[in-house]
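For reference, the structure discussed in these notes is given below.
Note that ligands are numbered from 1 as they come in the structure, with each ligand's atoms numbered from 1 the same way. Treat the numbers as computed from the prediction; the structure is a model and nothing was measured.
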Amino acid sequence: MISESLDTNDRQTAIENDESRFELAAESITVRIRWFGLCVGYALVYFSAPMENRVALYGILLLGAAYAIVDTSFSLRNRVFLGGWPLVISLMEAVFIGLLCHFDFGLESQFRYYYFLSLLVCALRYQPRVTYTTFLMHAASFSALAISRQTHTAGDLGTVVLTVVLMGWVTSASTALANLMRSVRLRLSQLNDELQRNQRLLEHRIDERTQELQASQALLLQQEKQAAFGLLAAGIAHEVGNPLAAISSLVQLLNRREQDEYTRERLVMVDEQLRRIQRTLRELVDFSRPATNEETDCDIHEVIDEALNIAKYYKRKKGKTIVTEYSADLPEIRAVRDQLVQVFLNLIQNAMDATDEGGVIRIFTDLEDEELYVLIEDDGHGISRDDRDKLFKAYFTTKESGTGLGLFVCRNIVEQTAGGRITLADSSEGHTTFRVSLPVDPTVA
Ligand code: ADP
C-alpha cells in the first residue's frame, strides 16, 4: 500500500518535471520567435513603413525588444516570465501588433501576420481555452484597426472578415496539433515510466538470481568442505581407533592380572580416558558422515543437543557457560536433521566467538502461532548498526579467519529447506539474540 502510494507520488513528480521541462523548451522557442519577429519588424519599418510614422514604429519595436530582453533573461535562468499570466501576455501582444499595424498601413500592414504567429505560439504553450481567448483578443485588436480608420470601404470589411476567419482557422488547426502533441508527449512519458519500472524489475530479478547463484555456490562449497572433512575424520578415526583398541585390550588384560591397589586404580583411570577418546572419535565420525537430504520428523531439542555436543569440542568453548531453557512438549518438525544441526552449531559457534571468557549463552525454545521458535542469546560484543544489514550476505565476516558463509548458509537452510525464518532479533552492546522460527508440521502429532 505504502509502496503503491510512493509509486503514484513518483509518477506525479515525474509528470510535473516533464511538464516544466516542456514549458521551458516551449519558452525558449517563443523567445527565438520573438527575436526573429523583432528583426523582421525593424526590416519592415526600415524598408516599407510610412516615413512619418517610423519613429513611432521604432519606439513600439523598442518596447517589444525590452520585453524580449526580460523574457530571454528569465528563460536563460530556466524560468518563464509571466508564466502564470498567459492572458496578460496575449493582451500585450494584441495591443502591440495592433499598434504596429495602426502606425504602418492599417489593415494592409504586413504586421498583421504577427497575429498568426502569436496564436501558433500560444497554442503550443497553453491550454486551448487560452488560445481561443487570445484569438478573440486578436480579432478585437484587428477589428479595432478597421474601426479606427477615418474612411471605411467595402474591401475593409472583406479584409477584416477574411483575416479573422484565417485567425480562427490557425487557432483551431494549431490547437488540434498542440493537443496531438500533448497526447503523444503523455504517451511517451507513460512508456518511459513503464520502461523505467521494467528496468527496475529486471535489476531486481538479476539481483535475486545472483543471490540464488551465490547461495548454491556457498552451499556447494560448504558441502564439499564437509565431505572432505568427513573423509579426513573417518581416516583419522580409523588410524587412531585401531591402536586405541589395541591399547584398550592391553589395559583390560593387565587389569585381569594380580595388581596392587595403586596400579589397578591407575589402570581404571587409563581405561576411562581411552573410552573418552573413543567416544569423541565416534562423535566426530557421526558428525562427518555423508549428509543426506532426507526429511524426517525431528525433535528440536535433540537437534540442539546434537549441535551442543559437537560445539563442546570447539576451542573457544573454554570458560563459557551454555544454558538451555527448553519448553516442554514441543511438537516435532519436519526437516533435514543434519542441516538443522548445522544451523544451530553455526549460531552457537558465532555466539562463542562473540563472548569472552565467563560469557553466557542461553538457548530458549517455545511455541508461538503454529511456529516453533528457538532463541540463541549471548552476552558478547554485539553487532554494530552498520553490520546488521549485511549479516546474512554471502562472504560478510568481521572475523580474521571467518568465511562469512555461516549465516548465509543458515538462512538458506532455514528458509528454503525448512520453510522457516532466521532473524537477528536483537543486538546491542553486550547482547545479541538470533531467532530461528520453524513451521510446525500439522500432520505430525
Ligand atoms: P563467519 O562466522 O565466518 O564470520 P557468519 O556468516 O557465521 O560468518 O557470521 C558473519 C558475521 O556476523 C560474523 O563475522 C560476525 O561479525 C557477525 N556475527 C554473527 N553472529 C554474531 C554474534 N552472536 N555476535 C556478534 N556478531 C555476530
Side-chain angles (χ1 to χ4, degrees), residues 207 210-229 287-288 291 300 303-304 306-308 310-325 336 338-365 373-418 420-438:
D207 229 37
T210 313
Q211 278 189 15
E212 278 169 20
L213 208 71
Q214 278 183 335
S216 48
Q217 263 178 346
L219 273 172
L220 211 70
L221 197 77
Q222 196 86 346
Q223 278 164 359
E224 269 172 20
K225 264 189 185 172
Q226 237 166 322
F229 173 69
F287 175 60
S288 52
I300 192 72
V303 170
I304 299 172
E306 192 172 330
L308 284 173
I310 302 159
K312 72 179 182 232
Y313 297 112
Y314 191 49
K315 63 180 188 310
R316 297 217 47 182
K317 162 78 179 65
K318 203 166 150 257
K320 290 157 197 180
T321 316
I322 299 184
V323 182
T324 54
E325 291 181 29
V336 181
D338 286 345
Q339 290 187 347
L340 267 195
V341 172
Q342 194 187 333
V343 168
F344 290 110
L345 178 63
N346 189 68
L347 291 172
I348 295 163
Q349 281 179 331
N350 274 348
M352 291 199 276
D353 285 340
T355 43
D356 294 323
E357 245 184 274
V360 180
I361 297 155
R362 291 176 195 280
I363 302 175
F364 301 90
T365 60
Y373 72 87
V374 183
L375 297 180
I376 296 105
E377 257 185 38
D378 67 73
D379 57 359
H381 53 62
I383 300 168
S384 77
R385 208 165 278 278
D386 283 349
D387 288 349
R388 284 179 210 164
D389 294 337
K390 304 179 218 149
L391 284 183
F392 294 97
K393 293 213 166 102
Y395 309 113
F396 171 74
T397 181
T398 55
K399 301 174 195 169
E400 251 174 48
S401 55
T403 60
L405 290 176
L407 288 176
F408 179 72
V409 170
C410 284
R411 173 169 271 185
N412 269 287
I413 293 175
V414 172
E415 287 183 356
Q416 280 163 27
T417 62
R421 274 168 297 124
I422 174 168
T423 49
L424 174 69
D426 183 24
S427 186
S428 51
E429 181 95 30
H431 185 83
T432 300
T433 308
F434 278 92
R435 178 184 166 122
V436 179
S437 310
L438 298 161

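The proximity of Asp387 to ligand 1, defined as any non-hydrogen pair under 4.0 Å, does not occur for either the backbone or the side chain. Contacts of Asn346 with ligand 1, taken as heavy-atom pairs under 4.0 Å, involve the side chain alone. Under 4.0 angstrom from ligand 1, the non-hydrogen atoms of Thr398 come from both its backbone and its side chain.
Taken from CD in Gln342 to CG in Leu347, the straight-line distance is 10.5 Å, to the nearest 0.5 Å.
Below 3.5 Å of separation, one finds an N or O of Leu407 facing an N or O of ligand 1. Here's the thing with Gly402: none of its N/O atoms is less than 3.5 angstrom from an N/O atom of ligand 1.
Within the structure, the closest approach of Ser401 to ligand 1 does not fall below 4.0 Å when heavy atoms are considered. Not a single heavy atom of Phe392 sits closer than 4.0 Å to an atom of ligand 1. The closest approach between a heavy atom of Gly380 and any atom of ligand 1 is not below 4.0 Å. For the pair His381 and ligand 1, a heavy-atom separation below 4.0 Å is found.
If you number the atoms of ligand 1 from 1 as listed, the ones under 4.0 Å from a heavy atom of Thr403 come out as 3 (O). Listed by atom number, the atoms of ligand 1 under 4.0 Å from Leu391 heavy atoms are 12 (O), 17 (C).
Across Phe408 and Lys393, no two heavy atoms sit closer than the pair CD1-C, 4.0 Å. The heavy-atom pair separating Ile422 from Cys410 by the smallest distance is CD1-CB, 4.0 Å. In plain terms, the two heavy atoms of Met352 and Lys320 that are nearest each other are O-NZ, 2.8 Å.
Ranking protein heavy atoms by distance to atom 7 (O) of ligand 1, first place goes to Asn350 ND2, 2.9 Å. Nearest non-hydrogen protein atom to atom 21 (C) of ligand 1 is Phe434 CE1, 3.9 Å.
Closest to atom 2 (O) of ligand 1 by heavy atom, among Arg388, Lys390, Lys399, Glu377, is Lys399.
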